[in-house]
Student: 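Quick one: structure below, then a few questions.
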Amino acid sequence: PDDHAGYYPGGETMTIKALFEKGTGKILGAQIVGGKGVDKRIDVFATAIFAGMTGSDLKDLDLAYAPPFSSAKDPVNMAGFMIENIVTGKVKQFYLKDLPALPRDGSVTLLDVRTPEELVEDGYPEGFSLNIPVDELRERISEVPAGKPVYVMCYSGLRSYVANRILAQNGFDSYNFTGGFRFYASVLSEMPMPGAHPCGLPK
């Protein structure tokens, strides 16, 4: 997320890594890479750890809001929503370390839900041969092979989350790539991680 409301100029993207206990969602640790507002969020996470709070507790925090300083749903709130989604099984994740082991024999579907323009500009993640932009997924759901697990990637992880909800509601066993293509590309190229718009498109 950005450090403040997306419609207010000058937002800086931060990347949050939150650690939580399996099953309970209890917050165990957090790291944030970014600029403005990183200290504020780390203070909230530190307080949450001291108080024994869970991801569900984080999503319900009523934190200070003004467009130059935060969004109505603070990045800490959003981390809480994500943790709750994972703990409750609403969203299943897969990680960078899992990519090499994913079958390339057609037994699973590797789906990229970015736009064709993004693919031309940024390239393809290895093995992700099926491209259906998330905005077209409902109309083109028949193009996703039935009966196979689906591993989904987008630029920042937001659109792939939406795609996972669409797929799950249509009976697919789907997994969301945590961090998105921006994370994938930054690790492989060892370049600074670029920012993303609130809608999950590249900045």
Student: Minimum heavy-atom separation for I42 and A30, please, with both atom names.
Tutor: CD1-O, 3.9 Å

Student: Quick check: closest heavy atoms across E12 and G35, and the distance to 0.1 Å?
Tutor: OE1-CA, 3.3 Å

Student: Just wondering, are more than 12 heavy atoms of other shown residues or ligands nearer than 6.0 Å to NZ in K26?
Tutor: no

Student: Whether the side chain of D74 engages the backbone of S70 through a donor-acceptor N/O pair (distance < 3.5 Å, no angle test) should be reported.
Tutor: no

Student: Side chains of Y175 and D98, heavy atoms from C-beta outward: is any pair under 4.5 Å?
Tutor: no

Student: Could you tell me if D122 and Y124 have a donor-acceptor pair between their side chains, going purely by distance under 3.5 Å?
Tutor: no

Student: With side chains defined as the heavy atoms from C-beta onward, is the minimum distance between Y161 and N85 less than 4.5 Å?
Tutor: yes

Student: For L61, does its backbone N or O pair with a side-chain atom of N77 as donor and acceptor, under 3.5 Å?
Tutor: yes

Student: Can you tell me how far the CZ atom of F177 sits from the CG atom of N164, to the nearest 0.5 Å?
Tutor: 12.5 Å

Student: Does one hydrophobic cluster hold both V76 and V87, with members joined at side-chain heavy-atom distances below 4.5 Å?
Tutor: yes

Student: Yes or no on salt bridge (charged side-chain N to carboxylate O under 4.0 Å, His left out) for R159 and D135, after CA distance, side-chain angles and deciding distance?
Tutor: CA-CA 9 Å; R159 287 172 291 167; D135 292 341; over 6 Å; no

Student: Using a 6.0 Å cut-off, check whether atom OH of Y8 has over 12 heavy atoms from anything other than its own residue.
Tutor: no

Student: In the single-linkage hydrophobic clustering (I, L, V, M, F, W, Y; side-chain heavy atoms under 4.5 Å), do V38 and I27 co-cluster?
Tutor: yes

Student: To the nearest 0.5 angstrom, please state how far the CG atom of N131 sits from the CE atom of M153.
Tutor: 12.5 Å

Student: Under the criterion ring pair (Phe, Tyr, Trp, His ring centres under 6.0 Å), I'd like the reasoning laid out for Y151 against F94: C-alpha separation, chi angles, the key distance, then a yes or no.
Tutor: CA-CA 8 Å; Y151 293 83; F94 70 107; 5.0 Å; yes

Student: Just how far is it from atom CE of M53 to atom CG of L58, taken to the nearest 0.5 Å?
Tutor: 5.5 Å

Student: Give the minimum heavy-atom separation between D112 and F128, together with the two atoms involved.
Tutor: N-CD2, 4.1 Å

Student: Distance-only, no hydrogens or angles: does the E118 side chain make a donor-acceptor pair with backbone N or O of T115 under 3.5 Å?
Tutor: yes

Student: Please report the interatomic distance CZ(F69) to NE2(H4), rounded to the nearest 0.5 Å.
Tutor: 9.5 Å

Student: Check whether any side-chain heavy atom of D2 lies under 4.5 Å from a side-chain heavy atom of S71, and answer yes or no.
Tutor: no

Student: Is there a path of hydrophobic side-chain contacts, each under 4.5 Å between heavy atoms, that joins V150 and L137?
Tutor: yes

Student: Please report the C-alpha distance between I83 and T54 in whole Å, then the side-chain angles of each, then the deciding distance to 0.1 Å, and finally whether the side-chain contact (heavy atoms from CB on, under 4.5 Å) criterion is met.
Tutor: CA-CA 8 Å; I83 291 167; T54 66; over 6 Å; no

Student: Nearest 0.5 Å, please: how far is NZ in K40 from CG in L63?
Tutor: 6.5 Å

Student: I86 versus Q93: any side-chain heavy-atom pair under 4.5 Å?
Tutor: yes

Student: Does a salt bridge link R114 with E121, judged by any charged N lying under 4.0 Å from a carboxylate O?
Tutor: no

Student: Between N170 and I166, which heavy-atom pair has the shortest distance, and what is it?
Tutor: ND2-O, 2.8 Å

Student: V113 vs E136, test: side-chain contact (heavy atoms from CB on, under 4.5 Å). Steps then yes/no.
Tutor: CA-CA 9 Å; V113 294; E136 303 173 13; over 6 Å; no

Student: So do P1 and M78 actually touch side chain to side chain, heavy atoms under 4.5 Å?
Tutor: no

Student: So which atom in G10 and which in K36 form the shortest heavy-atom distance, rounded to 0.1 Å?
Tutor: O-NZ, 3.0 Å

Student: In Å and rounded to the nearest 0.5 Å, what is the CZ to CG distance from F45 to L28?
Tutor: 11.5 Å

Student: Could you please spell out the steps behind the side-chain contact (heavy atoms from CB on, under 4.5 Å) verdict for K148 and V108?
Tutor: CA-CA 5 Å; K148 300 178 181 180; V108 302; 5.5 Å; no

Student: What are the two closest heavy atoms between V152 and S160, and how far apart are they?
Tutor: CG1-CB, 3.7 Å

Student: If you count every heavy atom of other residues, nucleotides or ligands that lies below 6.0 Å from E126 atom CD, does the total exceed 12?
Tutor: no

Student: Do L119 and Y184 sit in one hydrophobic cluster, given that two such residues count as connected whenever their side-chain heavy atoms are within less than 4.5 Å of each other, even indirectly?
Tutor: no

Student: Side chains of L188 and F183: closer than 4.5 Å at any heavy-atom pair?
Tutor: no

Student: Do L167 and L111 touch side chain to side chain, with heavy atoms closer than 4.5 Å?
Tutor: yes

Student: Should L110 and L130 be marked as a side-chain contact (heavy atoms from CB on, under 4.5 Å) after you check the CA-CA gap, both sets of side-chain angles, and the distance that decides it?
Tutor: CA-CA 6 Å; L110 304 181; L130 180 61; over 6 Å; no

Student: Same cluster for I32 and F20 if Ile/Leu/Val/Met/Phe/Trp/Tyr side chains link at under 4.5 Å?
Tutor: yes

Student: Check this for me, if you would: do R41 and D3 make a salt bridge, where the nitrogen-to-carboxylate-oxygen distance has to be below 4.0 angstrom?
Tutor: no

Student: Is there a side-chain contact between Q169 and R165 in this structure, where contact means two heavy atoms from C-beta onward sitting under 4.5 Å apart?
Tutor: yes

